[in-house]
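As a basis for the values below, the full set of heavy atoms in this structure was taken, side chains included, without hydrogen atoms, waters or symmetry mates. Just follow the structure's listing: the first ligand is 1, and inside any ligand the first atom is 1.
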Amino acid sequence: MKSPGLGDKFLMMKVAILGCATSTGVPIIGCSCQVCTSADPKNNRTRCSALVESKGKNILIDTSTDLRFQALRHGITRLDAVLYTHSHADHTHGIDELRVYNFINKAAIPCYGNTQAIENIKNSFKYIFDAQESAGGKPKLTLTVVSEEFDFGGIKITPVEVFHADWTIFGYRIGGMAYLTDCSGIPDGSWDKLKGLDLLIISALRYRPHPAHLDVEQAVETAGKINPRLTVLTHMGHELDYNTLSGELPESIVPAFDGMEIEVPDP
Ligand SMILES: [Zn+2]
Ligand SMILES: [Zn+2]
Ligand SMILES: [Zn+2]
């Protein structure tokens, strides 16, 4: 998974981890634990999001609370679509930052998600979607409910249902990459969609079990069943120290860090 030369730009899909923290971010406000006070920049995690670059398109997964900071840090000058995994605050509250991409694209940004995510986003950000609300400066977005594989700009995107406590939310598969955040389990019907992966990005909150998230051991076990070439753990809390965790994981599994980039063959 090495970077190709410039000429190969359109032959590789690039996946960037914009943020790999759980909902609080790491460090957590007011916490003085070892990870929150760590000098290792890899322990400094913004809220969970990723960018997929394929066939000249930039596809954002979730509009995290930290989207503005992430976009500036990563130099994201263009965004073509947003895939929503679900509607929790840490995955949606950067939605207003999409406005600047309306200015750049001179067009609405297409956003995709399951019925629950789209309905909750409409309700949570009523000012954006209510035509009666005429106040200036709101993002122009089109919301589309998806349930099966769809095409965006020649890129096949497959929603993959995962459990998140008692919610069923979306992960997404694009080519040889699947992104499953806020996952507490994989429904029977989703395993087939995860066959033959180069790259699995999956959430691992902490060492202890949690009702809404896989813990490290469960994430490793799930990755073992899916058996991708490389697994990257994301949505991590302040219990997880980058270096310590790196040393504990099997060879094909690594923790994410903000700004991590992985290249996989373009679908
Ligand atoms: Zn989350
Ligand atoms: Zn802490
Ligand atoms: Zn969540």
Near the Zn ion (ligand 3), which protein N/O/S atoms fall under 2.8 Å?
-> His86 NE2, His88 ND1, His164 NE2, Asp182 OD2
May I ask you to check whether over 12 heavy atoms, not counting those of Glu149, lie within 6.0 Å of atom CD?
-> yes
Does the shortest distance from the Zn ion (ligand 1) to an N/O/S atom of Cys48 fall below 2.8 Å?
-> no
List the atom of Lys193, the atom of Val160, and the distance in Å for their closest heavy-atom pair.
-> CB-CG2, 4.1 Å
For the Zn ion (ligand 2), state how many protein N, O or S atoms fall inside a distance shorter than 2.8 Å.
-> 4
When Leu83 is tested against each of Val146, Asp62, Ile174 for side-chain contact (heavy atoms from CB on, under 4.5 Å), which residue passes?
-> Ile174
Are any of the side-chain heavy atoms of Cys48 and Thr22 separated by less than 4.5 Å?
-> no
Have a look at Asn43 and tell me which of Thr37, Asp258, Asp241 forms a side chain to side chain donor-acceptor pair (under 3.5 Å) with it.
-> Asp241
Looking just at side-chain N and O atoms, do Asp182 and His88 make a donor-acceptor pair shorter than 3.5 Å?
-> no
Same apolar cluster: Ile61 and Phe257, side chain cutoff 4.5 Å = yes
Ring geometry between His86 and Trp167 (parallel below 30°, tilted from 30 to 60°, perpendicular above 60°) | perpendicular
For Phe152 and Lys57, which heavy atoms make the closest approach, and how far apart are they?
-> CE2-CD, 3.9 Å
Taking the six-membered ring for Trp and the single ring otherwise, decide whether the centroids of His93 and Phe125 are under 6.0 Å apart.
-> yes
